[in-house]
Amino acid sequence: DNTLLHAYNSTKIGCNINLEDFISSSGDPEMYKFVLPQDLNTPYYLKLRPGVREFLNTIAPYYIMGICTNATREYADVIRAVLDPQRDKFGDRIVARESVDGRDTQKDFRKICVDVETRAIVLLDDRSDVWDSSLESQVVKAQTYEYFEQRKDALKSHYPSLSSGANSISANSSAPGDILSAALSSLSNASGGNSIADYDRHLDYLIRVFKELHTRFFQNPETACVGDILKKMRSEILENCIVCFTGFLKADEKPIVKGLPSNWGDSQADAESAAIRLGAGIEENLEPLATHLVVQKTNTAKFHQAK
């Protein structure tokens with residue numbers, strides 16, 4: 001969730017989405033509707049991140065893949081049926097939370113990868129804090145994918161409300177084992193284009209990251225460490241750049257303007273730390289050494305100087 005796809009309670013969206021509007025350029029469905037055995041009266045929508053099938057198909061020859069989720073096993077099985085219907089990518093390498101009431105505090109790859117050296121593990125997640133701190137360097141941190149959060153208003157204005165009853169799933173007479181089949185059956189004749197555009201292309205870039213990581217690892221596979229390679233790859237992104245910052249908040253300041261993007265409130269210290277991790281040097285003054293000025297507010301002397 002929030003890395004390869006986004007699932008959302010349909011009642012929170014408040015409308016009946018036409019699944020046929022969400023078909024990829026290759027003709028595959030990108031939107032699903034399903035219910036879980038423990039709650040047959042609550043349908044969920046599931047939106048695949050654009051390019052997820054190409055991403056998995058491309059890296060599958062290079063990596064042994066598994067799924068580790070804090071969601072329930074029933075939900076994980078739905079995801080596998082969608083992403084890996086032939087079970088040739090993830091197989092049985094799926095770890096979900098063990099009970100409906102409990103929630104594991106951290107994910108553990110060791111339940112998936114038995115007898116695999118830690119140095120050879122790479123973790124793809126939109127959060128690094130759910131993994132043991134000793135593995136933080138081996139997390140490829142994906143940009144968070146929240147399609148329904150970002151498009152909720154657009155979807156509600158585009159589709160009929162839930163009260164209309166259109167495009168619903170009838171599970172009253174379905175056995176739990178038939179629920180997924182019933183949920184996906186409406187997609188068999190799906191056609192058309194995505195009328196609520198999704199411009200996310202993050203996975204296209206991650207393909208390049210994973211292929212480059214694989215290449216570098218197998219230059220010296222006996223001793224190579226994923227964490228060290230990722231650190232080196234990150235440090236090359238802004239190599240030879242000298243960055244100056246302006247208009248940022250102090251570390252203890254909070255934005256006072258309502259309605260700002262959630263990432264607007266980063267302090268300058270946070271931004272500088274990120275730049276350093278990407279290989280940049282930091283300069284307090286714009287001249288004479290700085291190559292780039294990173295701006296959060298434009299009514300500053302440095303901004304006008306740079307113009």
Side-chain angles (χ1 to χ4, degrees), residues 1-7 48-71 75-76 79-80 82-84 86-97 104-146 200-239 273-279:
D1 255 328
N2 304 122
T3 301
L4 299 181
L5 50 89
H6 192 208
L48 297 184
R49 195 167 201 161
V52 64
R53 290 188 179 91
E54 180 184 0
F55 172 76
L56 295 175
N57 290 336
T58 301
I59 70 170
Y62 303 93
Y63 290 85
I64 299 172
M65 298 190 292
I67 295 176
C68 195
T69 175
N70 278 334
Y75 174 71
I79 300 308
R80 176 168 59 181
V82 171
L83 293 181
D84 188 18
Q86 305 302 320
R87 300 182 70 156
D88 58 352
K89 295 182 178 65
F90 302 117
D92 293 321
R93 295 179 297 276
I94 297 182
V95 174
R97 105 172 169 242
D104 297 329
T105 56
Q106 287 189 316
K107 297 178 181 179
D108 186 358
F109 79 89
R110 294 172 185 86
K111 296 179 181 179
I112 300 176
C113 307
V114 181
D115 297 328
V116 176
E117 292 185 54
T118 302
R119 66 182 181 85
I121 301 294
V122 55
L123 308 166
L124 172 62
D125 208 315
D126 72 306
R127 293 176 57 181
S128 58
D129 61 322
V130 296
W131 299 94
D132 187 278
S133 58
S134 64
L135 296 170
E136 186 173 356
S137 66
Q138 292 174 230
V139 176
V140 174
K141 193 171 182 297
Q143 186 178 26
T144 301
Y145 182 63
E146 295 181 327
D200 185 287
R201 293 296 179 271
H202 188 53
L203 294 180
D204 293 345
Y205 295 97
L206 286 185
I207 286 176
R208 293 158 52 185
V209 171
F210 275 81
K211 291 182 74 173
E212 177 66 17
L213 171 60
H214 183 275
T215 297
R216 296 192 187 197
F217 186 92
F218 281 96
Q219 288 173 351
N220 190 11
E222 297 299 325
T223 59
C225 175
V226 163
D228 293 341
I229 296 171
L230 287 175
K231 182 178 180 181
K232 181 68 168 66
M233 289 173 62
R234 290 188 186 101
S235 70
E236 294 170 357
I237 295 172
L238 294 182
E239 193 174 23
S273 295
I276 291 170
R277 286 196 301 273
L278 298 177

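Treat the numbers as computed from the prediction; the structure is a model and nothing was measured.
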Heavy-atom closest contact ([X] atom, [Y] atom, distance):
{"X": "Pro50", "Y": "Leu203", "value": "O-CD1, 3.8 Å"}
{"X": "Asp1", "Y": "Ala7", "value": "OD1-N, 3.3 Å"}
{"X": "Ile121", "Y": "Gln138", "value": "O-NE2, 2.6 Å"}
{"X": "Thr69", "Y": "Ala71", "value": "OG1-N, 2.9 Å"}
{"X": "Ala224", "Y": "Ile229", "value": "CB-CD1, 4.2 Å"}
{"X": "Asn2", "Y": "Glu146", "value": "ND2-CG, 3.6 Å"}

Just verifying a value: how many Å separate [X] [atom1] and [Y] [atom2], rounded to the nearest 0.5 Å?
{"X": "Lys141", "Y": "Leu230", "atom1": "NZ", "atom2": "CG", "value": "14.0 Å"}
{"X": "Leu123", "Y": "Trp131", "atom1": "CG", "atom2": "CH2", "value": "4.5 Å"}
{"X": "Ile67", "Y": "Leu4", "atom1": "CD1", "atom2": "CG", "value": "7.5 Å"}
{"X": "Arg80", "Y": "Arg87", "atom1": "CZ", "atom2": "CZ", "value": "3.5 Å"}
{"X": "Phe55", "Y": "Leu124", "atom1": "CZ", "atom2": "CG", "value": "5.0 Å"}
{"X": "Arg234", "Y": "Ser137", "atom1": "CZ", "atom2": "OG", "value": "7.5 Å"}

Is any side-chain heavy atom of [X] closer than 4.5 Å to a side-chain heavy atom of [Y]?
{"X": "Lys107", "Y": "Arg127", "value": "no"}
{"X": "Tyr62", "Y": "Phe210", "value": "no"}
{"X": "His214", "Y": "Ile59", "value": "no"}
{"X": "Asp228", "Y": "Arg119", "value": "no"}
{"X": "Leu48", "Y": "Leu83", "value": "yes"}

Item to check | Under 3.5 Å donor-acceptor, Tyr145 side chain and Asp200 backbone | outcome: no

If you count every heavy atom of other residues, nucleotides or ligands that lies below 6.0 Å from [X] atom [atom1], does the total exceed 12?
{"X": "Glu239", "atom1": "CD", "answer": "yes"}
{"X": "Glu54", "atom1": "CD", "answer": "no"}
{"X": "Ile276", "atom1": "CD1", "answer": "yes"}

Checklist entry - Does the pair Arg277 and Ile237 meet the rule for a side-chain contact (heavy atoms from CB on, under 4.5 Å), with working shown? => result CA-CA 9 Å; Arg277 286 196 301 273; Ile237 295 172; over 6 Å; no

Checklist entry - Going through the checks in order, is the side-chain contact (heavy atoms from CB on, under 4.5 Å) test met by Tyr63 and Leu213? => result CA-CA 11 Å; Tyr63 290 85; Leu213 171 60; 3.7 Å; yes

Checklist outcome for this item: For Arg201, the salt bridge (charged side-chain N to carboxylate O under 4.0 Å, His left out) test, sequence neighbours excluded, returns none

Next on the checklist: By the definition side-chain contact (heavy atoms from CB on, under 4.5 Å), identify the one residue from Val226, Val139, Val209 that meets it with Val122.
Outcome noted: Val226

Checklist entry - Who pairs with His202 by ring pair (Phe, Tyr, Trp, His ring centres under 6.0 Å), at least two apart in sequence or on another chain? => result none

